[in-house]
Amino acid sequence: MTITSLFHQTRPFIRPYRHLLFATLSLTAIGSFAAQVNAWILRYTVDNINTLTEAHKTLKDGMNLLLFISGVLVAKEIVYALVQFGQKYYGEKLRIYITRDLAQTIVDRILTYRMAFYTSNDNESGKLQTRIDLGISSLTRLVQNFFIDIVPLFANSIVALVFMFNANFYVGLVGLAILPIYFYISQLQATKLGGFRRRMRTYRENKSNGIISLIDSITVIKSFVREPLEAEKHKDLQFSMTQNLMQTRQLSFVFDSVKGFVEQFGVVVIIILTSYFVLNGNMTIGAIMFHILLFNNVSSPIRQLHRIYDEVNDALINAEGYFEIVQAEGEVEQSGHLQPIIEGHFALRNVNFHYPNGTQALKDVSIKIEPNKITALVGLSGAGKSTLINLLDKFYEPSSGEIYLDGNNLKEIDTAYLRSKIGLVLQKNHIFKGTIAENIAYGKLGASQIEIETAAKQAYIHDQIIQLPNGYETNAHQLSGGQQQRIAIARLFLKDPAIIFLDEPTANLDAIATEQIRKSLDAIKKDRTVIIISHSISQIIDAENIIVMDNGRVVEEGLHDELYDRQGTYYNIFSAMANSLNIEKIARTMN
Ligand code: ADP
């Protein structure tokens, strides 16, 4: 990313605050003139005192002069203080507003992105979060640097330079000559450091991702006593990061020293040059100080140049990350416009699907799924069952082939509308931070307490909830896995969708809960399309259509008895399930 494209892309964020920008810049202009007053006053004072001492005058004769310069300096300081306050205040306001907009924009944006964006390796939560944070803070610093630091400093510098030229062409030339040298060195520094910086960003992303996954995996880490291994992994990252940082600093310090030397060299040249002109009679003695102070005004922003250059370069790299996310047009979830009345007939024609990493999870799938029935997807783990549901929910689009719902191509249907008609219950359901009531109410915005309780009753969880000390106001994270599962099912009842996808909904439940849920699902299936992925024999046997999948393909389809008699994939899976139950022994016990 170049500076021009960075400014181009940042402009829309600054545009709403033009008036603040204008106020800041106007104050800057006033401030840069005020900043030169000291140099003028010093020259004026030195020259006048010089005249007075040469004429053997006393302090009394110089009183007017002292009063005058004190008055001017106090007035200048008052103006300067006001200007600085205004400049900082408006600049800061601009910065804070822009930060807010940058942060909101990216959240608004990524919420519109398709599932593949979130499952991509580059966007693991820790990495994404770091990239967003660094991007926002860098862009904010850029705005701060530019409007609060750089512009005022450079305005000072330019005004000082004009004054130098105005007073003496040659001295002005020395002041000017230093600028390109500084720019050149700073740019060289930036180019040399670019690679280090980019690497640093990757290290930071990996580090925070590492910490997040560490916390997520803590139970496994501890149970396998892998603390030393994890600590070692983190240490490696930390050491590479430190080394990279040290190299960056070392290089920076070398460049800083060179720049410091150039600046001091400039001061020496100015002293020699002005002394020459004074001795020559071309300048008054006050001009020596005058030029040194002006040169200081020229070089002090330049002294900061490397810092600003550093930060601008940081911002360039981090902003790249930010804008890549904000402008990922390809990631925006596609939606059609149709909002048909949903009956729930799905038809898949020759559907193939590859995940973004290249895994082909569905191969030439052509099936029909009908409402008013429970369709069970059966297959070994990895067969593609969850993927099929992901496609029907439009979380992903088929790589080829078509999916129809009631005769409409899924692509043409409004995605949000479609999802509002689908209820999805997964093996591990997400429970949001908040109370039980809030978690159930997520299924229907603005649901009343009665509706929430009715749904909880349907999911057979109401009785357990009211036993809790805080009832429906209990923190939902305190519930057990099976209870959380039923909260998710209650959410589904509240949503009351036409289509229901259940991905191993009872895997975490005890036998009694499973039986209860089965009953409530039986009640809900009427007029609805229900697809269930399950490893529970009873749920499979009961299904009115069984679709058997193997390695991404649909290999068999039909009712339990037919499929069993066929002695194929279904037979094998079913037999294995039945054997694992040890039916003989169960039967003996029951007898
Ligand atoms: P099932 O639900 O039958 O157990 P899945 O549909 O989850 O199987 O997975 C089918 C195949 O797709 C598997 O090989 C799995 O590794 C792969 N897969 C699943 N999710 C992803 C993903 N997000 N990215 C890449 N590959 C995936």
Side-chain angles (χ1 to χ4, degrees), residues 110 113-128 209 212-213 216-217 328 330-334 346 348 350-367 369 374-401 403 410 415 419 422-430 485 488 499-509 529-537 539-540 543 545-557 563 568-577 580:
I110 61 173
Y113 288 172
R114 58 202 179 126
M115 211 59 130
F117 171 80
Y118 293 92
T119 48
S120 144
N121 271 345
D122 276 350
N123 296 337
E124 284 169 83
S125 54
K127 286 189 191 169
L128 199 61
N209 199 41
I212 290 180
S213 75
D216 279 352
S217 335
E331 301 291 357
V332 177
E333 204 159 46
Q334 298 302 311
F346 279 106
L348 285 81
N350 310 104
V351 170
N352 286 287
F353 175 71
H354 297 83
Y355 276 105
N357 70 354
T359 310
Q360 182 167 10
L362 292 181
K363 296 170 191 161
D364 198 27
V365 172
S366 297
I367 46 169
I369 294 163
I374 293 187
T375 301
L377 294 181
V378 175
L380 298 179
S381 137
K385 307 179 294 291
S386 305
T387 305
L388 188 65
I389 286 184
N390 281 339
L391 261 62
L392 297 181
D393 224 335
K394 273 181 96 173
F395 288 148
Y396 294 95
E397 290 198 351
S399 312
S400 68
I403 302 177
L410 217 54
T415 305
R419 291 195 192 136
I422 297 179
L424 182 63
V425 177
L426 303 171
Q427 180 180 354
K428 190 166 183 329
N429 281 284
H430 193 77
Q485 186 72 355
I499 300 166
I500 297 177
F501 299 147
L502 305 159
D503 194 343
E504 303 192 39
T506 51
N508 283 324
L509 298 185
T529 303
V530 180
I531 302 182
I532 184 164
I533 298 176
S534 176
H535 294 296
S536 142
I537 286 194
Q539 277 166 345
I540 297 173
N545 187 29
I546 300 173
I547 295 175
V548 186
M549 298 189 67
D550 183 19
N551 194 16
R553 289 184 195 280
V554 170
V555 287
E556 291 164 5
E557 200 179 341
L563 293 176
T569 311
Y570 180 79
Y571 171 86
N572 292 333
I573 295 174
F574 187 85
S575 308
M577 279 183 193
S580 72

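Counting starts at 1 for both ligands and their atoms, following the listed order. Quick caveat: nothing in here was measured; it's all calculated off a predicted structure.
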* **Test side-chain contact (heavy atoms from CB on, under 4.5 Å) applied to S534 and L502, step by step** => CA-CA 8 Å; S534 176; L502 305 159; over 6 Å; no
* Asked: Nearest to atom 20 (N) of ligand 1 by heavy atom, Y118, F353, Y355: which?
  -> Y355
* Asked: Looking only at protein heavy atoms, which one is nearest to atom 14 (O) of ligand 1, and how far off is it?
  -> T359 CG2, 3.9 Å
* Would you name the heavy atoms of D503 and S386 that are closest together and state the gap between them? => OD2-OG, 2.8 Å
* **Region of N357 engaging ligand 1 - heavy atom pairs below 4.0 Å** => side chain
* To do: Could you tell me how the ring of Y355 sits relative to the ring of F353: parallel (under 30°), tilted (30 to 60°) or perpendicular (over 60°)?
  => perpendicular
* For S381, the ligand 1 atoms whose distance to one of its heavy atoms is below 4.0 Å -> 4 (O)
* Counting only heavy atoms on the protein side, is anything nearer than 4.0 Å to atom 27 (C) of ligand 1? -> yes
* **Sub-4.0 Å protein heavy atom next to atom 16 (O) of ligand 1** => no
* Asked: Could you give the distance from CD1 (I546) to OH (Y570), rounded to the nearest 0.5 Å?
  -> 3.5 Å
* Is the shortest N/O to N/O distance between T119 and ligand 1 below 3.5 Å? -> no
* Nearest neighbour of atom 6 (O) of ligand 1 from the list T387, D503, I533, on a heavy-atom basis -> T387
* Structure fact -> atom 7 (O) of ligand 1 has as its nearest protein heavy atom S386 CB, 3.7 Å
* Asked: Is R419 reaching over with its side chain to a backbone N or O of D393, donor-acceptor style, under 3.5 angstrom?
  -> yes
* Quick one: nearest non-hydrogen protein atom to atom 4 (O) of ligand 1, plus distance? -> G382 N, 2.7 Å
* Asked: With only distance considered, is A361 within less than 3.5 Å of ligand 1 through an N or O on each side?
  -> no
* Nearest heavy-atom pair of L410 and K394: which atoms, and what distance? -> O-NZ, 2.9 Å
* **Note, I531 side chain near I547 side chain (heavy atom, < 4.5 Å)** => no
* To do: Return the minimal non-hydrogen interatomic distance between I573 and G379, and the atom names on each side.
  => CD1-CA, 3.7 Å
